[in-house]
Amino acid sequence: MEHGIFYNETAGVWIGALLTLAIFSFLYKDNIVYRLAEYIFIGVANGYLLTITYFNQVKPNLVDKLAEHNWWYLIPGILGLMMVARLNKDFAWLSRWPMAYIVGLGSGLAITASVQTDIMAQIYDTLKPIMGGDFITNLQNLILIAGVLTSLFYFFFSVEHKGIYKNVSFVGICFLMIMLGGSFGNTVMARISLLIGRMQFLMERWLHVIS
């Protein structure tokens with residue numbers, strides 16, 4: 001039994017290492033090995049997602065409810081089947097009804113969440129005192145207020161941006177560039193973190209050159 005677990009783990013490490021090298025081969029150029037690894041990843045991810053969705057969503061929220069004779073759950077079940085009708089060209093129009101329901105429901109939930117988490121939070125963070133605290137706190141609050149107001153002014157096109165308005169707009173552009181640079185830096189750091197993880201896997205679990 002222990003030998004079986006050892007061989008299974010070793011095979012998993014080798015498969016993971018070879019697929020990682022296959023993905024890295026794209027750094028040279030697009031090739032069939034990279035595409036094979038890409039298709040395997042997409043197929044495994046879709047299969048895993050389908051299984052998780054069925055056992056965590058469809059079965060407890062539809063199949064089990066119908067088994068308990070809760071016939072109101074036939075409505076979402078029928079809407080789900082109408083989505084599958086999109087695969088047939090003659091009956092694809094049936095998918096518009098559940099699609100409209102999803103878009104309407106999603107928009108309503110997203111608007112409420114955006115107002116609470118983005119707009120209200122931004123207004124709350126902007127309405128901070130610039131006097132009464134220590135120097136560093138007052139300076140940070142002043143920079144935050146200046147950044148919000150000048151960035152908003154950059155998108156205010158009812159006034160021609162010239163003279164003093166041009167200078168205010170330029171300050172807003174500077175704040176926007178700093179924000180975009182920070183977002184890009186976070187994205188690069190996330191990708192570098194993934195690369196470090198895969199290199200650590202290859203060096204530690206596959207080649208055993210580090211511990």
Taking the six-membered ring for Trp, are His208 and Trp206 ring centroids under 6.0 Å apart?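 They do not qualify: ring centres at least 6.0 Å apart.
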Going by salt bridge (Lys or Arg N to Asp or Glu O under 4.0 Å), name the pairs with one or both residues in residues 162-184, residues two or more places apart or in two chains. Glu160-Lys162
With sequence neighbours left out, which residue pairs that include part of residues 32-44 fulfil the salt bridge (Lys or Arg N to Asp or Glu O under 4.0 Å) condition? Asp30-Arg35
Would you check if the side chain of [X] reaches a backbone N or O of [Y] as a donor-acceptor pair within less than 3.5 Å?
| X | Y | answer |
| --- | --- | --- |
| Asn141 | Lys128 | no |
| Asn88 | Asp90 | yes |
| Asn70 | Tyr73 | no |

Under 4.5 Å side-chain linkage, directly or through intermediates, the cluster mates of Leu144: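 Traced through the cluster, Leu144 reaches Val148, Leu152.
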Please write out which residues are connected to Tyr165 in a hydrophobic cluster, directly or through intermediates, given that two of Ile, Leu, Val, Met, Phe, Trp, Tyr count as joined at side-chain heavy-atom separations below 4.5 angstrom. Phe153, Phe156, Val159, Ile164, Val168
Please indicate whether Phe157 has more than 12 foreign heavy atoms, meaning atoms of other residues, nucleotides or ligands, lying under 6.0 Å from its CZ. yes
Inspect the surroundings of CH2 in Trp71 and state if more than 12 heavy atoms from other residues, nucleotides or ligands are less than 6.0 Å away.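 Yes, CH2 of Trp71 has more than 12 neighbouring heavy atoms, counting only those of other groups under 6.0 Å.
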Test item: [X] and [Y] side chains (from C-beta on) under 4.5 Å apart, heavy atoms:
| X | Y | result |
| --- | --- | --- |
| Met82 | Ser95 | no |
| Asn46 | Leu50 | no |
| Phe24 | Leu195 | yes |

By side-chain contact (heavy atoms from CB on, under 4.5 Å) - contacts of Ile145 (at least two apart):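 Partners of Ile145 under the side-chain contact (heavy atoms from CB on, under 4.5 Å) test: Thr126, Ile130, Leu149.
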Applying a strict under-4.5 Å side-chain criterion to I, L, V, M, F, W and Y, I'd like to know whether Val188 and Met199 cluster together. no
For residues Asp134 and Thr137, is any side-chain donor paired with an opposing acceptor at under 3.5 Å? yes
Among residues two or more places apart or on two chains, list those pairs meeting side chain to side chain donor-acceptor pair (under 3.5 Å) that have a residue in residues 187-199.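 Residue pairs passing side chain to side chain donor-acceptor pair (under 3.5 Å), neighbours aside: Thr20-Arg198.
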One should read off an interatomic distance between Cys174 SG and Tyr154 OH, to the nearest 0.5 angstrom, of 11.5 Å
